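Side chains included, hydrogens not; waters and symmetry mates left out as well; all remaining heavy atoms used. Protein chains get the first letters and strands the later ones, always in sequence-line order, with residue 1 at the start of each. Because the structure is a prediction, the values reported are computed rather than measured.
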Protein chains: 2
Amino acid sequence: MKVLNKYSRETARDFALRVLKENILSLELKPGMAISENELSAELKISRTPVREAIIELAKAYLIEIYPQRGSFISLIDPKMVEEARFLRKITDTAVIETACDEIDEEGIKLLEDNVSLQEYYLSKGMTDKIFELDNQFHKDIYVVAKKDIIYEIHSTLMIHFDRVRNLSVATVKDFKVVGDHRNMLEAIKARDKKTAVELVDKHLSRYQIDEKEIRSKKPEYFKV
Amino acid sequence: MKVLNKYSRETARDFALRVLKENILSLELKPGMAISENELSAELKISRTPVREAIIELAKAYLIEIYPQRGSFISLIDPKMVEEARFLRKITDTAVIETACDEIDEEGIKLLEDNVSLQEYYLSKGMTDKIFELDNQFHKDIYVVAKKDIIYEIHSTLMIHFDRVRNLSVATVKDFKVVGDHRNMLEAIKARDKKTAVELVDKHLSRYQIDEKEIRSKKPEYFKV
DNA sequence: CTTAATATACTTGTATACAAGTATATTACG
DNA sequence: CGTAATATACTTGTATACAAGTATATTAAG
């Protein structure tokens, strides 16, 4: 597991949570792999308590499975789980961008504009690795504009199911097209054009389509069913 | 706080969680009220650890606010939070009932039919207190039919924000009309009539409309803003 | 009496010890 | 050698002790 640096103000629990999420998303912690509270606490140089609290939270999001007195395991990729996450993201993103069209104001425009401009800048400089983080932030900002930021937070951990499968996909290179999507979304929101905005969300998410069969053939041991 | 009976197989953590949820929903634990891990563990006759773990989970759902070294408090009613929960329930219920229309089969019909029949029976006998639980189960069953039960689970804790405000409302007596709603929803799903089903969800949720002003004037100290 | 300094009694965060149960390795037996 | 009984070394669940910080009560000074 890749151990990140602990921020000085960060609680041990938040630290453990951050490290675990990152490693599950990046598949450094592999689906099906056993993890132990004791091992992790040794590795992170904190006690069992905060590690355990982080594990419990991830178990609530079905990212870890806890079998009492037997062990805890990184959840296998469950196609049903992935589908529920995708479904939830689609309906929520759609409704939220519509609301954003209603709620957008000068402040919101600035928030989104700054982000997209930066994405375009990094794209033009070929610094595509910077775009990933801005991509996530852009989606969060739309929720903020729509005054639905709690929903974003609540769903964020669940979306790891979706995102880690994406990370297994070979064809994640076409990421540069998303910057154009974001620009178009922003313009639609500014124009309060709900119909176009919703179409863009649909188009945008279709880029994240995953070829389950292909991934499954490469890594069958990662899958639940 | 009303302490429930602990099931023999239930872990101490699940027990604490169940008791806390129930008391927050019923407003036995009042918004803004201070709670202490030590007090609760004494009251529930379990140690601090499982109580603490339950509190952390509820804090993640914004039902409890933890201020380190100062104390933990039942969250005040936050209109933004209530609105986000209502928004989420509406869009999710809508999308899920459409999916249920696609996925319904004999087994699903039986599941829903058994529930609604029982509701109708209790209604005819005037045993309206039994209907509350069946109401929740009916909604969950629709998610099950639509193969979206994880989404139901993930959202259930969040919906307490919405439901506890409903419990403060005087006009919750018109509950008997929901049985008719449920019958109509079931028939729409059986007929795979998405348009009608969605209209019914909308109509159904409109019954849960809350008069914030009225509640606020009765209990202003419960509100955040 | 007022005000400031100091205890005191809380709070949650973390570390650790023990309890209860599981799975594997080891040992003893046939 | 094969099989069953028994240790052994894990696992997570729970209880408890201590650490660090906050808010209030108490005390002392002016």
Would B/H155 and B/H139 count as a close aromatic pair, with their ring centres under 6.0 Å?
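No, they do not, as the ring centres are separated by 6.0 Å or more.
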Rounded distance (nearest 0.5 Å) linking atom CZ of A/F132 with atom CG of A/D163
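Separation between the atoms: 6.5 Å.
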Is it true that a side-chain atom of A/T99 and a backbone atom of A/A95 form a donor plus acceptor pair closer than 3.5 Å?
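Yes; at least one donor-acceptor contact below 3.5 Å.
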From A/E39, A/E53, A/E37, A/E43, residue fulfilling salt bridge (Lys or Arg N to Asp or Glu O under 4.0 Å) relative to A/R48:
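Passing option: A/E37.
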Can you check each nucleotide of nucleotides 12-17 of chain D against protein heavy atoms at under 4.0 Å and return B for base, S for sugar-phosphate only, - for none, in 5' to 3' order?
BBBBBB
Between A/D14 and A/T11, do the side chains contain a donor N or O and an acceptor N or O under 3.5 Å apart?
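Yes.
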Identify which one of A/I142, A/D135, A/I131, A/L134 satisfies the side-chain contact (heavy atoms from CB on, under 4.5 Å) criterion when paired with A/H182.
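Among A/I142, A/D135, A/I131, A/L134, the one meeting side-chain contact (heavy atoms from CB on, under 4.5 Å) with A/H182 is A/D135.
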Starting at the 5' end of DNA chain D, what dot-bracket string do you get if Watson-Crick and G-U pairs under 3.5 Å are bracketed, crossing pairs use [ ], other-strand pairs use | and unpaired bases use dots?
||||||||||||||||||||||||||||||
Charged tip of B/R86 within 45° of B/F162 ring normal and under 6.0 Å:
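No, a cation-pi geometry is absent between B/R86 and B/F162.
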